[in-house]
Amino acid sequence: MLIFDAHLDLAMNAMESNRDLTQPFRAIRQRESLLTDKPDRGRGTVCLPEMRRGGIGLCVATQIARFVKPSNPLPGWHSPAQAWAHTQGQLAWYRSMEAAGELVQVVDLKTLHQQLDLWSAQAQGGVQAKNASSSGTDRPAAIGYILSLEGADSLITLRHLELAYQQGLRAVGPAHYGPGIYAQGTDASGGIGTRGRELLKEMERFGLILDVTHLCDESFWETVDIFHGRLWASHSNCRALVPHHRQLSDDQIKYLIGRDAVIGCALDAWMLVPNWIRGQTTPISANLCLAQVVEHIDHICQIAGDARHVGLGSDLDGGFGREQTPQDVDTIADLARLPELLKGRGYGQEDIRQIAHGNFIRFLSEAWSGCRP
Ligand SMILES: [Zn+2]
């Protein structure tokens, strides 16, 4: 079954962790086996061959670069200009993957449907999909990606938002971790201020999707009040199941459903089970399995009264690896186990299809047709 993953940091992994994502996962892990600079070294779960093996033919892929003031202890760039330049480097990697036929940028209804046709041909043929442009060769099908900006600090001015839109940017999360220029993120507090309001106005003008993931509560409510375009939460789980302000409260989930949003459930361990301590708790000690992801999916479906507002936003390459994922996930290809688990939880085939990809595809089709909920 086609899987839509609404949150991956592919370029960050290529450009900051120095991972050649075109390689098999074992080769990437092997090459990192002696590195200790990051907690997920030798344990990465995401690469392009594994995405294909799991049927992840479409994803939302980020540009991400934080700006930090001298008072901010988080890692980040010391000026928005440096952060902008970093996101442009990430874009250059996406472009080289496009040139190699590994990725294809999805920016509108036409490119969305081309990508869906490519992957449904694969499903019907029972063979690995071939690039339309590479008939006669064994090159595997390109994975479609929708470009999203996680944290907007790198936008030096609103003119840079316009430039980014022209480069194919289609969604923006105004904040990431900590205080931001345009909104306050996870672990920070406060509203969005004048610059945040100006950004939202400009995003509406370009029909950009607002990603509410990472907005702190105050910024969340202020933002959704001001912004009249389409919104989603690309990688967020349920606060009712795992208490933390990074998670969505039931009130926020209800509100998002009312705006016809889709919420992508994430596979980061601490967002799935309570009391996870980074570096101490292990997937085995917490008895963490994909079944817990199904619990978060089900919680959103119970609030909605249907299965139309939830999908996957795995975040599987968001700075962690196997040490912080469900124990039945070795690579991202294991997302393909979720349909069976949903079936076991009582979900019908049509609902499973919506959760695996249908909801996000419907959302994009509507957003790019100019529909307003
Ligand atoms: Zn994130």
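All ligand and atom numbering here is 1-based and tracks the order in the structure.
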Over-ring placement of Arg230 relative to Phe363, 6.0 Å and 45° cut-offs: yes
query: Do any of the N, O or S atoms of His176 sit under 2.8 Å from the Zn ion (ligand 1)?
result: no
task: Would you name the N/O/S atom of Glu150 that lies closest to the Zn ion (ligand 1)?
output: OE2
query: the Zn ion (ligand 1) to His7: any N/O/S contact under 2.8 Å?
result: no
- prompt: Around atom CG of Asn275, are there more than 12 heavy atoms of other residues, nucleotides or ligands at under 6.0 Å?
  reply: no
query: So does Arg29 pair up with Asp330, basic N to acidic O under 4.0 Å?
result: yes
message: Take a 6.0 Å sphere around NE2 of His78 and say whether it holds more than 12 heavy atoms from other residues, nucleotides or ligands.
response: no
